[in-house]
Amino acid sequence: MIAGCSSDSDDSGGQQTTDGDTTDVGTAGSSGPDELHIGVFAPYTGPFAPWGSALTTGSELAKQDLEAEFDVSITLSEYDTETNPSAAQERIQRAVTSDGIDMAHGGISSAVCGSIGSWASDNGVPFITQGASDTLTGESCQPYMFRAYPSNTMMARAVGQPMAEEADSWYLLYTDYVWGQTAQEIIGSVLEENGATVAGTDAVPGPGNQDFTQYINNVENSDADGVAMIIPGLDARAAASQLQNRGLHEELSVMFHQFEDQVMWGLNQEAASMVDLGPTGWINTVEGGEDFKQRVTEQGETDPFSRQYMAYVSTDQAVRAAMRAGSANGEDVRAALEGHEITDSPVNDIVPNSTLKWRACDHQLIQPTHVVQARDESEMTNDPYKQWFEVSKTVAGDQVARSCEETGCSF
Amino acid sequence: MSGDASQTESTQRLRDALADGRLEQWRVPLGLLALVVFLRPVIGHEFLLNYPPFANTILVWMLFAASFNVLLGYTGLLSFGHGMFLGFGAYGAAIGLTRFDLPFTVSAVIGLAVAAVVAYLIGRIIAQRGEIYFAMLTLAFAKAAHFIANQNYGGLTGGSTGIVGVLPSWIETERGVKYVAAGGFQFDWYYLLGAVFVLAALAIWQIARSPFGRSLVAVRENEELARAVGIDDKRYKIWSFTFSGVFAALAGVLYAINNQGSSLSTLTVETSGDIILMTVLGGANYFFGPLAGVFVWLFSEEFLIEFETLVLPLAEYPLVRIELGGLLSYWQFFLGLLFVISVLVAPREGLWGLFRSGIGGLYDRVRGVRE
Amino acid sequence: MTLLEIDGVEAGYETGQVLFGVDIDVERDEVVSLLGRNGAGKTTTMRAVVGADVPNVRSGSITFDGHDLLATPNYQIPRLGLTIVPEGRRCFEDLTIEENIRLGANHVDDPLPMASVFDQFPELDEMRDRPARNLSGGEKQMLAIARSLVANPQMILLDEPCEGLAPYIVRRIESIIEEISQERNVTVLLVEQNVAVALAVADRHYILDEGRIVEVVSTERLREDETLRQEYLGV
Amino acid sequence: MSDTATTARSADVVLETEGLTKQFGGLTALEHVDLAVERGELHAIIGPNGAGKTTLFNTITGALDPTAGTVWFDGEDVTEMAQEKRPHRGLARSFQSNQLFADLSVLENVRIVVQTARSGRFGLDLLGNGRAKYRDAAFEYLERVGLDGERTTLAKNLSHGDQRRLGIAISLATDPSVLLLDEPTSGMGPTETQETADMIDELQQDLDLTVLLIEHDMDIVLSMSDRITVLNQGEVLATDSPGAIQENEDVQNAYLGGMREEL
Amino acid sequence: MDGIGIQTLDRDALPISPGELVTSLVLFVLLAHAFAVRPGLFVDQLVGGLVYGLILVLVALGLSIILGLLGVVNFAHGAFFMMGAYLTFQVLTVWGLPFWATLFVVPVVVGLVGIVIERGVLQFVYDEDPLIGLLATFGIALMIDEATRAIWGGSPLSVTTPQILDSSIGIGVTTIARMRLFSVLVSVVVIVAVYLLIERTDFGLSVRAGVLDREMAEFVGVNIPLRFVVMFFIGAAIAGLGGVLRGAELGMDLSMGNQFIILAFVVVVVGGVGSLFGSVVSGILIGEATFLTPLVLRTLSETTNVAALNVSGIGGLMPFLVMIVVLLVRPRGLFGQEGFME
């Protein structure tokens, strides 16, 4: 049943050692719970369904590794949140009350993450979110909610300087919801800190918008040298293809915020080559984790991209916290995760040579943040999996994360 | 022979009583009580949904549907923007609580008041418009409300995230089960919700059966004749719209507790559209019709989703996963089919009407056997 | 030779039965009137003949020129050579006079030339391009007749053509009925409340009362028998 | 013109129109109609179909706004008054086509109207069982028109004649002083017609009504009416007693005349 | 019921009141100001609004025809539009036929699906309350949505347009993509063709007669059920063609049907139910309002330095604001007729 499980990673054999940073309980995995039930929350229907299946793949891989390492049986359940916060809340409620999940991770849109996180915290269920809005670890932070991916600010700060170097003035197109609104503000201020100007901003409708005509008109008629696409998922794909149709990608530098290469795979390589800049938490050309990437390729429906990474980290960390705590109890798991620095986990292999730490003050996982750019078309490869983009810059997490005081989070 | 005659007479008297509403006086209150008592065990039964708290959600939507039916069923007005009033209640309660630190009841009352005033004003503007114009104007106002909430002016509404994690101080929640804790008592939130639901639904029923409500029915049946016999149809429509809005807002207040906040989705066209469809699916001609529509809709949605969400533990049986998950992930196709069929079979009666005539037919058959 | 044969027709609406066995035979080239009080079932009879959606014909048969009308879709009836000038004229108000008449001609195999119809109704010819809604009642009636005449039918059903018209227009319509009957050899079934019109143009008269044909009389008898008129027609 | 104003306030004339004109687009349905209905009389309006009788009713009751002219009721200018106010002043009508609350019971049809008559144009009356209130009063009206046996039947399931009767009961339930009846006997057989005529007669006596009647059946009109107004092409040809109307030459020419000549 | 006839302006001349005069002047000044400040952008948005508006017109036309002729509020009409877009993908990308073929194949297929729906479901609800038709067609729309998802998947798709439509044409202040001009051209041709069909042919005459008095039209020999089928075919096919144009330019996704059906209802209501001419005017009006209002507000905000004037995302609200304003001033829409659908 777990034939796909690979046990060759060098850090997963044998007993778990004590984590230096955690002050709480839990020394040996053998004393942990026998069974864990984890809910994976993602859109499994609708246009974002491929994201959902990527989350499942990442979670499955982590489950295989963990079950091989610990004496624990892990059950994964998928919950379809669509992109609707109300539906998401209904799902987490049912997952907890009816199916009895111990912890949860996932969430694609910030509103969904906020809705699940809030409910989970009110009801004492640990939830590792994958949304990127600053509010999730800022004013809307929640005691039981942790974030496994770099925040908007981290990505904006990582890309700010390269953006200013790339072009003097930028036009910001942002999707008119919380993630887009906050990202737009941060990028604007980071650009100005780095000596570039904002030529204009436009709120575009969405998520779920496919028509960017009038906003691209605005970009085209501005003095901007570059355009920042602060547009999520498939909307970004549509926007990119419309930029290309206008030929603007040749005239302007193009930045995609919270870049996900999967979005570009839906276009052709020519279109993908328009990407000059894109901050991201992970991409499959980040060094390390070759084994993980290989397994994703074999098992998953899509080639490795950030979502399998997020799901793997989230599942891995949730289970390890329970093992350290020696309990599936929400409060114990939360305590075991808070302030924990990741060591001796396959995650360290996927993100080598970096410090990864769950910051206690806002529950942000401090991790390296990358800026990517498109390869030349001739260098884009599809084998063994699509590698169209490469990392142009990597910044350590603590250099770009907001300070604890800045976040506005208090539990 | 004489027995026959007396039986006919007593049947006739029974019919009179039914028509005059003497017996009905108790049918609805008892029915509502029974609904609240039996809903949770049914929802929670392990062979059905195995999900008792879902009964809370169903009750909130039932109240919303009942409020909507004041408009559609009793006055014959179709609103495409009724979610707006649900939103006023939910946002009112959540905003008062989080942004102004008001007590929950005060916030709730403010939400209801806002809904009432807005409904009255909109009603004044659009009450006399023809059917399709009325519907489109309600849609437009709802769109505007959605736009404003999404703009998050002054940080009041929280934009697309909505307002999350909001609970009055006297509600506690633990792993999905909410308790009311007040004055040393602690009891399940369902009972309070159920009580409010029954009272509100009774109020709606009372409005519908009151002289006021009968005038609404007259307007629905024949607007021209109503005006000719001296009924001021415009004012009746305005007040019907107002009452309907206030009760929808009350459902919104309950929504705010039940969902621990308010979400932008209350204000969407989808919410407004769903409530129309639930109401008509259940049967707008009956008091219990919309409630039945809500039950069938939400129950089947949740029931069918279950097949999808639990496929992973069944991964050892790949066939099961493919067949159920594959087919049922298109469950809305079958919902659409259900609409088409129910419209073709019984356009005005809805499921509740079919159910009633089914029961009636059964009763007749049983009696026929006896005779 | 019988052109239209209505035999034992029972018909009605949702609210109740209106016709209880109506028998009418119209011979070729005849002008026949169908008389009766309001509500006697005259219009229901007419509607049953031309295959309107309501009333429902429950039993009986209606045959025209050998064709079973009850089995013929209503829009094919004009092709058989039977057209109607319905009660209330029912001109297409937003369409011009010419368009109205063209509609009458477009859906039959062998229509009359428009010019020949306009010759008969010179008052319409002058206003070809005016929408029908601007016409007076009399002019609308002319238009309705022209619209059914242009189809070159064997038979026309006229349902209360003189309703609400001034006496001189009634005369004009009487003469038109005579013209189409005599010059164009069109058979006419005329429904009237105004007995005078029926007396002026028709050869035979069917009297309908409470959904049944109670008398079939000649013009002479109808003219003379005051009790008959009094009992069934109220005049 | 000052003459008319005085008449309008005189006690005998309860309903009066002055220069009432109604145009639909280019079509003139009513042309300067002057009509005076005296208190307590049965006043019939006759005229060929399309003469403007129903339009006259509609403008008097406010269902249509007149293009020009004035309507006086009980000494008051009601031309601008909202339609739904007029029944509360005592001006009621029955309809020509079957205007009923089709999906409600016969009793409820009348009861709602009684309720409206007694509690006003608009009542935010939220307490009590609406169906129980005024049921007895409604029942009495049904007895008057002979529909008490059908009280639980849905209005749409009544026979044609009974629907007409229910229409009359509905207009009676508004407690009128002037009742406008639009072809109350249309579609009825001779027996039924006579019954209805008798009923109207009786109602008029019992309830002290002024009746304005549109009717086709000349027998009924001639036997029942106190006065008759003849409309033709939207204009008043004559207003007079039945006998005088029968003799009036204009009327004969326009309406009865053609036939009389032939006869 | 009144006609779906296309009135000309002089037949239904709009009386200009002082208030309307002032409003028009203010509007003109605002537009002129926006043009003066950003001429290139203004023209771009003008063209964008026109393209968008004409697509709306294509969807609204069929809706209006079906509403006027059959009295059915056809919620499934948006699904026809979406189906047109997805079929474009099918014909172009899956079957590999040339783009020009889609312009003919797709509308015909969508029209045939329309016929199946009309014969299978809608003919049974003609005499019912409009709400019943709305419900039935909503069910159909759900079924089409789900079938589309089952066949083509949930993710948005796009197609490549032929090279000849790829480039742009310079017009001084800006350039306009050929695809957009092509869209405008096709839309205008279709609208004119529908106008000619309805106003100038015997077939159109019989349809107009059917709208005015269905039964009388049958009495003069018009085969009304056939007219219904044909007009339903045409209405669905036009929506499908709109889907082709939209899909070719901007791609296709599952939400486009529901999004456009609501806007199309707005267009029909603003134009006046029953008036095809009204739908054309209001579709373009709403398209332009959606594209030009943000620009007008932005230039105004720049000139006056009042940041609050630049309301983000106002464009999406414009169709509804326009509707509220129009219906408050003219309760039956711009060219609506008394008594229709009331």
Closest non-hydrogen contact found for E/Val220 with C/Gly104 is CB-CA, 4.3 Å
Honestly, the part of C/Asn106 sitting under 4.5 Å from a heavy atom of chain E is side chain
Smallest heavy-atom separation, C/Tyr75 atom then E/Val222 atom, equals CB-O, 3.1 Å
Rounded to the nearest 0.5 angstrom, the CZ-OG1 distance for E/Phe219 and C/Thr83 is 11.5 Å
Whatever's closer than 4.5 Å to a heavy atom in chain E on C/Arg90 counts as both
### Query
Just wondering, are more than 12 heavy atoms of other shown residues or ligands nearer than 6.0 Å to CZ in C/Arg130?
no
When the 4.5 angstrom heavy-atom criterion is applied to C/Glu99 and chain E, the contacting part is both
Practice problem: Run the salt-bridge test on E/Asp202 and C/Arg102 with the 4.0 Å N-O cut-off and return the result as yes or no. | Solution: yes
Smallest heavy-atom separation, E/Met216 atom then C/Ile84 atom, equals CE-O, 4.2 Å
Shortest non-hydrogen pair, E/Ser206 vs C/Leu103, comes out as CA-CD2, 3.7 Å
Whatever's closer than 4.5 Å to a heavy atom in chain E on C/Val108 counts as neither
Notebook entry, point to check: Do C/Phe92 and E/Arg208 come within less than 4.5 Å of each other through their side chains, counting heavy atoms only?
Noted result: no
So, the part of C/Ala52 with a heavy atom under 4.5 Å from chain E: the answer is both
Residues E/Gly221 and C/His107: closest non-hydrogen pair is O-CB, 3.3 Å
